[in-house]
Amino acid sequence: MLDATNRSGGTATASPRASAAQLTTAVLAPAATPAAPAVPAAGAAARCARVLLSPWSRLSLLVALLASAASLVLLLEPQKLLTDGLPSQFGGAAAVVAYAVSYGVCTVAFVPRPILNLAAGALFGSQLGLGAALGGTVLGAGLAFCLGRALGQEALRPLLRGRWLKAADHQLSRHGFRSMLAARLFPGVPFAASNYCAAVSRMGPVPFLLATGLGSIPNTAAYAVAGARASTPTSPAFLIALGCITVPGLVGAVVAWRKRHRLRAR
């Protein structure tokens, strides 16, 4: 037979039936293809995360948030509180707390504090108005500081190259409490600008909030009293409050004018 094995040491010959079956299997079997390289999903996700969390991406997010908040404030027109007053459903302590929270959000959106302080005095009187305005001041300063520190500090610190910018950063980083206390006492320093400048510097949050709370008392109280006594502009309380608003502003302007030489020398 053809499929018999040569027992004397010869080579075994495969049967025709077995050879045909093997040939058919080899032809019909799909050719082995190399495995497709796995997509580096983890690497792509890491790159996306690095891009989204990069300093300039976070700074862009901060700018978008501030622009959205400012647009929302323009649409809501909070200055109408001076003429229309609070809605009828608000009253008591809840109204004071709600106003303080709204005050803080509005300061983040660059609403001028004098308008909000006057409105607080006009709506709640001198004492409650002062409490609502101070609470909103500290809350707004804290929100701006946290946003600026988390989203803007890393991108903006390399840009502090000018003499004035370096001098201001050095002053806030080394003497944070004293510098911020002076900035809050003098009403000529823009509130929002000082918040974000402190956030970009290396000043700590606790000295920043303490200096904001203490330094804002005189100016805020003056505006709250002026708002509460706006209906009697010739009263002694209104005139004293007006003087407390005007005199520190003039003193601050004079001090800033004299300090400019030291800043230029650095």
Side-chain angles (χ1 to χ4, degrees), residues 53 55-82 86 90 94-124 129-157 159 168-169 172 176-177 179-181 183-217 219-220 223-224 227:
L53 296 178
W56 287 104
S57 296
R58 285 181 286 163
L59 180 61
S60 301
L61 176 60
L62 175 61
V63 173
L65 288 175
L66 296 180
S68 301
S71 301
L72 183 61
V73 166
L74 290 176
L75 292 176
L76 295 178
E77 298 180 348
Q79 66 273 12
K80 288 185 177 180
L81 289 174
L82 288 172
L86 288 172
F90 285 97
V96 176
V97 174
Y99 185 84
V101 174
S102 302
Y103 185 115
V105 175
C106 287
T107 57
V108 175
F110 305 104
V111 177
R113 285 183 62 245
I115 297 177
L116 298 172
N117 292 334
L118 289 172
L123 295 173
F124 304 109
L130 174 60
L134 275 179
T137 297
V138 176
L139 175 62
L143 289 175
F145 185 89
C146 292
L147 287 173
R149 179 62 57 89
L151 301 178
Q153 185 190 43
E154 192 173 352
L156 293 177
R157 280 203 65 80
L159 303 179
D169 176 66
L172 288 173
F177 179 82
S179 302
M180 189 53 55
L181 184 64
R184 299 310 190 197
L185 286 173
F186 297 132
V189 180
F191 182 74
S194 59
N195 291 338
Y196 292 110
C197 287
V200 174
S201 72
R202 301 190 186 280
M203 182 180 181
V206 175
F208 170 78
L209 293 177
L210 287 176
T212 298
L214 293 175
S216 299
I217 291 176
N219 181 260
T220 305
Y223 275 102

For [X], give me all partners under side chain to side chain contact (heavy atoms under 4.5 Å, CB included), at least two apart in sequence or on another chain.
X      : answer
Leu139 : Val101, Leu143
Val189 : Ala183, Ser194
Thr107 : Tyr103, Arg113, Leu116, Phe191
Pro205 : Phe145

For the [atom1] atom of [X] and the [atom2] atom of [Y], what is their distance to the nearest 0.5 Å?
X      : Y      : atom1 : atom2 : answer
Leu209 : Phe177 : CG    : CZ    : 11.0 Å
Ser57  : Leu151 : OG    : CG    : 11.0 Å
Thr220 : Asn117 : OG1   : CG    : 4.5 Å
Met180 : Ser216 : CE    : OG    : 10.0 Å

Worksheet item: Got a sec, which residues hit side chain to side chain donor-acceptor pair (under 3.5 Å) with Asn219, two or more places apart in sequence or on another chain?
Response: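 Checked Asn219 against side chain to side chain donor-acceptor pair (under 3.5 Å); zero matches.
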Discussion item. The test is side chain to side chain contact (heavy atoms under 4.5 Å, CB included); show your working for Leu172 and Phe208 and say whether it passes.
Written reply: CA-CA 10 Å; Leu172 288 173; Phe208 170 78; over 6 Å; no
If you compare all heavy atoms of [X] against all heavy atoms of [Y], which two are closest, and at what distance to 0.1 Å?
X      : Y      : answer
Ala199 : Ala144 : CB-O, 4.5 Å
Pro207 : Gly204 : CD-O, 3.4 Å
Val96  : Ala132 : CG1-CB, 3.7 Å

Worksheet item: Is there any side chain to side chain donor-acceptor pair (under 3.5 Å) pair reaching into residues 61-71, and which pairs are they, with sequence neighbours excluded?
Response: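 Of all non-adjacent pairs touching residues 61-71, none passes side chain to side chain donor-acceptor pair (under 3.5 Å).
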Item to complete: Check whether any side-chain N or O of Arg149 sits under 3.5 Å from a backbone N or O of Ser201 as a donor-acceptor pair, and report yes or no.
Response: yes
